[in-house]
*Asks:* 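Mind having a look at this structure? Questions to follow.
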Amino acid sequence: MSESGIERNTIAPNSSPILSVPEAVVVRFAGDSGDGMQLTGSQFTLSTALTGNDLATFPDFPAEIRAPQGTLFGVSAFQINFGSIEVTTAGDAPDVLVAMNPAALKTNVQALKPGGLIIADAGEFSRRNLDKAKYTTNPLEDGSLAKWTLLAFDISALTLEAVKSFSLGNKEALRCKNMWTLGLALWMFERDRQPLIDWLNGKFQKNPLLAHANIAALNAGHAYGETAEIGGQVRKLNLDPAPSAPGLYRTVNGAEAVSLGLVAGAQLAGLKMFFGGYPITPASAILHHLANLKEYGVTTFQAEDEIAAICSAIGASYAGQLGVTSSSGPGIALKGEAMGLAVMTELPLVIVNSQRGGPSTGLPTKTEQSDLYQAVYGRNGDAPLPVIAARSPTDAFACAIEACRIATRFMTPVILLTDGYIANAAEPWRIPDPADFEPFPVDFLTEANGEDDRVLPYKRDGQGVRPWITPGTAGLMHRIGGIEKAPDTGDLDYSPAVHQLQTDARKAKIDGVAHAIPAQDIDLGQEGGRLAVVGWGSTYGPIHQAVRRARAAGLDVSHIHVRHIWPLPANLGALLKGYEAVLVPEMNTGQFKTLLRDQYLVEAQSLTKISGQPFAIAEIEAAIASVFDGKRDDTGGTDVTADATQPSSIEAIHP
Amino acid sequence: MNDMSPRPRSIKDWESDQEVRWCPGCGDYAILKAVQRTMVDLGSDPATTVFVSGIGCSSRFPYYMASYGFHTIHGRAPAIATGIKLANPELDIWLVTGDGDGMSIGGNHTMHLLRRNLNCQIMLFNNEIYGLTKGQYSPTSRVGTPSPSTPLGSVDQPALPCAFALGSGARFIARGFDVSKELPAVLEAAHAHQGAAFVEIFQNCIVYNKDRFEDFAVAKGAEARQLWLRQGKPMLFDKGTRGIALDMAKLALKVVEVYDGDWQAAGVLVHDVANRSVAHMLVEMPFGAFPMALGVIYDDPRPTYETQTLTQDEAARAGKSPDLARLLAGRRTWTPPRTKERPADL
Ligand code: SF4
């Protein structure tokens, strides 16, 4: 590419321009991990939300903090799907790809819809960067991008020009590139720049020069769209606001929603909250959020390891606060023994698992649902505990409250499953009114509950729940521990009959939770019929859309999405038996499917995807279609994998 | 909290109704009595006293105290105690651990509790063996210890609990042993210290490591083998005929003879509990060439973890009202331009 001036290289696509009058548009920003793509994406998200479009986002970034510049593995991407209709996924294939360098183009362009728009920073397509991205010829010039609309110009040079007057260093000046790009994107979708300008002024309060430079870059990007002829391929698009329930909205990601839900849950229980955590991706954000909420009665503690994190939370619960810990799969594995202690001592505790790709270190920054077995079964001994799974960032709020409610009502640890996608993805949230939630205040035992003033720490109530007695309470001194204990008194007792009795009692208590949770509902469709697509967790969006489309095409298919993974809702078995076929899409090798088969002897079948990327709607649609086409062998246990049903988006994303 | 309740006046009042399950003759019995004695002497309130333990013979301890007690999991008592203390700083927490529990599987937690300086007492019962798992060598076992897992004798160097504690940043280090009459006084000093107080208690496991500490713990001839450290007093032993002095050339401790009680002439050091450098030398002083250093070795308080944490939290709360509705609303909100309901799903 030429070093000087602005290079424009526009190739007309074979197909007609895509940006006609869509209901929803998918934009992906991709660049080097140092290019600030996540920031660009989140600010674009905010401006999208402020215009009233419904939206869903998918940040996708490498595990390295600063991967070597320009490399394929150092590409960081942020995808947003927004529109004038209900949006529940980050979108299958982008309509627009913003590629800040060759590596970003290479790793993302195959996912782009045919005819989709590529905006590329031609200034970054130097021989050196092309080599790093393993391009032998320059794709901007060799015609290899012919099936898309290409808009290439030297964003780097344009940015340098825009911020020239601020006399920044070259490196600092180039950092404004993302704002230039954002400016262009805001022009494209007719967005107001002011909220962003306000935000920049706030962010760079201590360095007004940087604020002004970034604003100048933003304005320059916007003006470029306004004044330059962009090949006639792109016109401005103003999507109508999406219909939505009246109320006050904000955007929220899963980590924020979990944190807020925990705060709300503790308040509804009338307790202070103690959060013990240890840094791990992608769960750390919860620790960070809560660390700033001291005025809500929250104590946060960064422990020396995952084990100490959960143990400190157990200690706090023992002392009368709501103990909470959070981690991701590897950390949850370390917490296993302590969870058993909480099961055995019957203390309330909330354990949040933001699942990531596994096993071992696996894919730290990618998403997966492969810790379901770990959550339901992953402890030594018979150690049942309730497991709840959030379906979306906003749903994580209600789920966190539900976890607090069950933990305190049933004196038990509860696992709340989210995942990397939910933790990082943002969506509009109709801000709930705290008064809409039923409080569940906790009663501590304050007087002896046995005859002759005896303290009976393991005397169970009608639902098999023991009293919560905190140290410091006069006259109720007693000892608890992880060793098997006699009923009522809690005295050390590991005789055969007592272990049988107590194991049964602990199991019965957790089984009983099934009667204290809502019956399973049907998300789309009706009771009984040809096919139920049963999901849990963050597959909600793609399943919902796929089932909606299949129903619109006349197929008899329903969507059931399960929040309570353990114990399962009391009516779920009967409900599933009403369908001829049950399809379970999940981002693991079929864990929930196995659990459903075990519990209900239903012929549930899997649609699996273990690539670190969420399902595309099309993948689930294809799996549904294959059930109706009879291609699918739904008499046996043959699982249909996402990759087998259709050219998977994942290959496109990571060739 | 519960200031009105009558304080137990006798050791009996501190005994729980549980049957003690240690081997007959185990040193743990003597320690239990000493701790119960300490509770009486301190006038402690069982309602606000919590014994927290991990796993091992020593960790059964909480069951035998008439206070609150939490018998947790192997090595994790310090972490659980941290949560308890942060949730309720008014509780008086005593940690009971052993050489396996506190120095091996829970070594990490021990280190961090000491470094943070959580206000509690840590009693590490050191019997230099794994008792409850039937006699394997432990991280404090001496080189050459034969055991079921080291039939040819252990080869690894033992850890020194007090040196470990000091290295971890502990501000109180003391030593005692099971049958010592001085133990309650040592424990009282530990309790008086604001912050993490680390007490190593040599304990005789009569089944798997019998009389391991006999060489200095037997009453007969003890004067020659025990150096009881007392604040402001010269480091004398063997009825005042010998003392500990500083070898200036080597920057190390040495044993000196004291003639006619003139310890000053012999250069005997005066014990200063706040002297960290000397504390380092005392905890590493090899027994044999030297007597066993006992009593309060180091005591130099620093603000406690929970006080600092809770003060910081308090300051962060000051002037802010916990309005949940406002928190949920966050900073940027909008009202949808069009407020019609979403179309009903199919
Ligand atoms: S095994 Fe040793 S330490 Fe354990 S109770 Fe018996 S004598 Fe005491």
Side-chain angles (χ1 to χ4, degrees), chain A residues 46 49-50 52 86 241 243-250 252 260 263-264 267 274 276 293-297 299 301 303-305 307-308 311-316 318-321 323 337-338 341 431-434 470-475 477-483 491-492 524 548 551-552, chain B residues 1-2 5 16 18 21 46-48 50 52 62-63 65-74 76 78-88 90-91 108-109 111-112 309-310 313 316-317 320-322 324-325 327-343 345-346:
Chain A
L46 198 65
L50 293 175
E86 184 193 15
S244 49
L248 194 62
Y249 283 73
R250 63 173 285 189
V252 75
L260 296 172
V263 170
Q267 289 209 350
F274 177 95
L293 299 180
K294 309 284 190 207
E295 67 269 32
Y296 293 89
T299 301
F301 172 62
E304 58 270 27
D305 59 24
I307 298 170
C311 284
S312 62
I314 291 172
Y318 171 63
Q321 296 196 351
E337 187 196 15
L341 178 68
I431 300 160
D433 182 349
T470 61
T473 312
M477 288 79 73
H478 66 282
R479 276 64 54 190
I480 62 170
I483 273 195
D491 291 347
L492 274 193
L524 272 183
R548 192 174 64 88
R551 290 182 63 80
Chain B
M1 195 181 297
N2 304 307
S5 54
S16 75
Q18 303 294 297
R21 298 191 186 201
T48 57
V50 189
V52 186
Y63 285 109
M65 295 295 295
S67 64
Y68 282 92
F70 198 165
H71 178 218
T72 71
I73 42 179
H74 213 7
R76 316 306 171 201
I80 289 181
T82 303
I84 299 174
K85 190 75 181 177
L86 285 172
N88 185 353
E90 288 177 56
L91 296 172
N108 188 34
H109 308 305
M111 169 170 83
H112 289 281
T309 302
L310 300 173
D313 288 6
R317 280 176 197 133
K320 291 186 197 161
S321 60
L324 189 58
L327 174 67
L328 297 185
R331 263 172 286 184
R332 288 209 182 175
T333 58
W334 72 91
T335 308
R338 260 201 253 144
T339 54
K340 70 177 190 227
E341 290 293 327
R342 287 188 177 192
D345 282 320
L346 288 160

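Quick note on labels: first sequence line is chain A, next is B, and so on, each numbered from 1. All heavy atoms count here, side chains included; hydrogens, waters and symmetry mates do not.
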*Asks:* Using non-hydrogen atoms and a 4.5 Å limit, figure out which bit of B:M111 sits close to chain A: side chain, backbone, both or neither.
*Replies:* neither
*Asks:* Could you tell me whether a side-chain N or O of B:W334 sits under 3.5 Å from a main-chain N or O of A:L248, the two making a donor and an acceptor?
*Replies:* no
*Asks:* When you look at B:N88 and A:T470, which way does the side chain to side chain contact (heavy atoms under 4.5 Å, CB included) test go after all the steps?
*Replies:* CA-CA 10 Å; B:N88 185 353; A:T470 61; over 6 Å; no
*Asks:* Quick check on A:L492 against chain B: is it the side chain, the backbone, both or neither that has a heavy atom closer than 4.5 Å?
*Replies:* both
*Asks:* Most heavy-atom pairs under 4.5 angstrom with chain B, which of A:G320, A:P434, A:G482, A:G475?
*Replies:* A:P434
*Asks:* Counting N and O atoms only, with roles assigned by atom type, does the side chain of A:R479 sit under 3.5 Å from a partner on the main chain of B:M65, one being a donor and the other an acceptor?
*Replies:* yes
*Asks:* Is any side-chain heavy atom of B:L328 less than 4.5 Å from a side-chain heavy atom of A:P432?
*Replies:* yes
*Asks:* Identify which of B:T82, B:I73, B:V52 forms the greatest number of heavy-atom pairs closer than 4.5 Å to chain A.
*Replies:* B:I73
*Asks:* Among B:N108, B:T309, B:I84, who wins on heavy-atom pairs under 4.5 Å with chain A?
*Replies:* B:I84
*Asks:* Over all heavy atoms of both residues, which pair between B:K320 and A:E295 is shortest? Give the atoms and the distance, please.
*Replies:* CD-OE2, 3.4 Å
*Asks:* Between atom CG of A:L293 and atom CG of B:L327, what is the distance when rounded to the nearest 0.5 Å?
*Replies:* 5.5 Å
*Asks:* Under the ring-ring contact (aromatic ring centres under 6.0 Å, His included) test, which residues partner A:Y318, sequence neighbours left out?
*Replies:* B:F70
*Asks:* For A:A264, is it the side chain, the backbone, both, or neither that has a heavy atom closer than 4.5 Å to a heavy atom of chain B?
*Replies:* both
*Asks:* With chain B as the partner, which of A:V263, A:D305, A:I314, A:D433 has the greatest number of non-hydrogen pairs under 4.5 Å?
*Replies:* A:D305
*Asks:* Report which part of A:E304 has an atom under 4.5 Å of a heavy atom belonging to chain B: side chain, backbone, both, or neither.
*Replies:* both
*Asks:* So which of B:S16, B:S67, B:P46 has the largest heavy-atom pair count under 4.5 angstrom toward chain A?
*Replies:* B:S67
*Asks:* Is there a donor-acceptor contact under 3.5 Å from the side chain of B:R76 to the main chain of A:E337?
*Replies:* no
*Asks:* Only counting residues at least two apart or in another chain, list the ones meeting ring-ring contact (aromatic ring centres under 6.0 Å, His included) with B:Y63.
*Replies:* B:H71
*Asks:* I want to check something: taking the side chain as every heavy atom from C-beta on, are B:H109 and A:I307 in contact at a cut-off of under 4.5 Å?
*Replies:* yes
*Asks:* Measure B:R331 against the heavy atoms of chain A and call it side chain, backbone, both or neither at under 4.5 Å.
*Replies:* neither
*Asks:* Which pair of heavy atoms, one from A:G247 and one from B:T335, lies closest together, and at what distance?
*Replies:* O-CG2, 3.5 Å
*Asks:* Need one label for A:L341: side chain, backbone, both or neither, based on atoms under 4.5 Å from any heavy atom in chain B.
*Replies:* side chain
*Asks:* For a quick test of reading the model, state the closest non-hydrogen atom pair linking A:F274 to B:L86 and the distance between them.
*Replies:* CE1-CD1, 3.6 Å
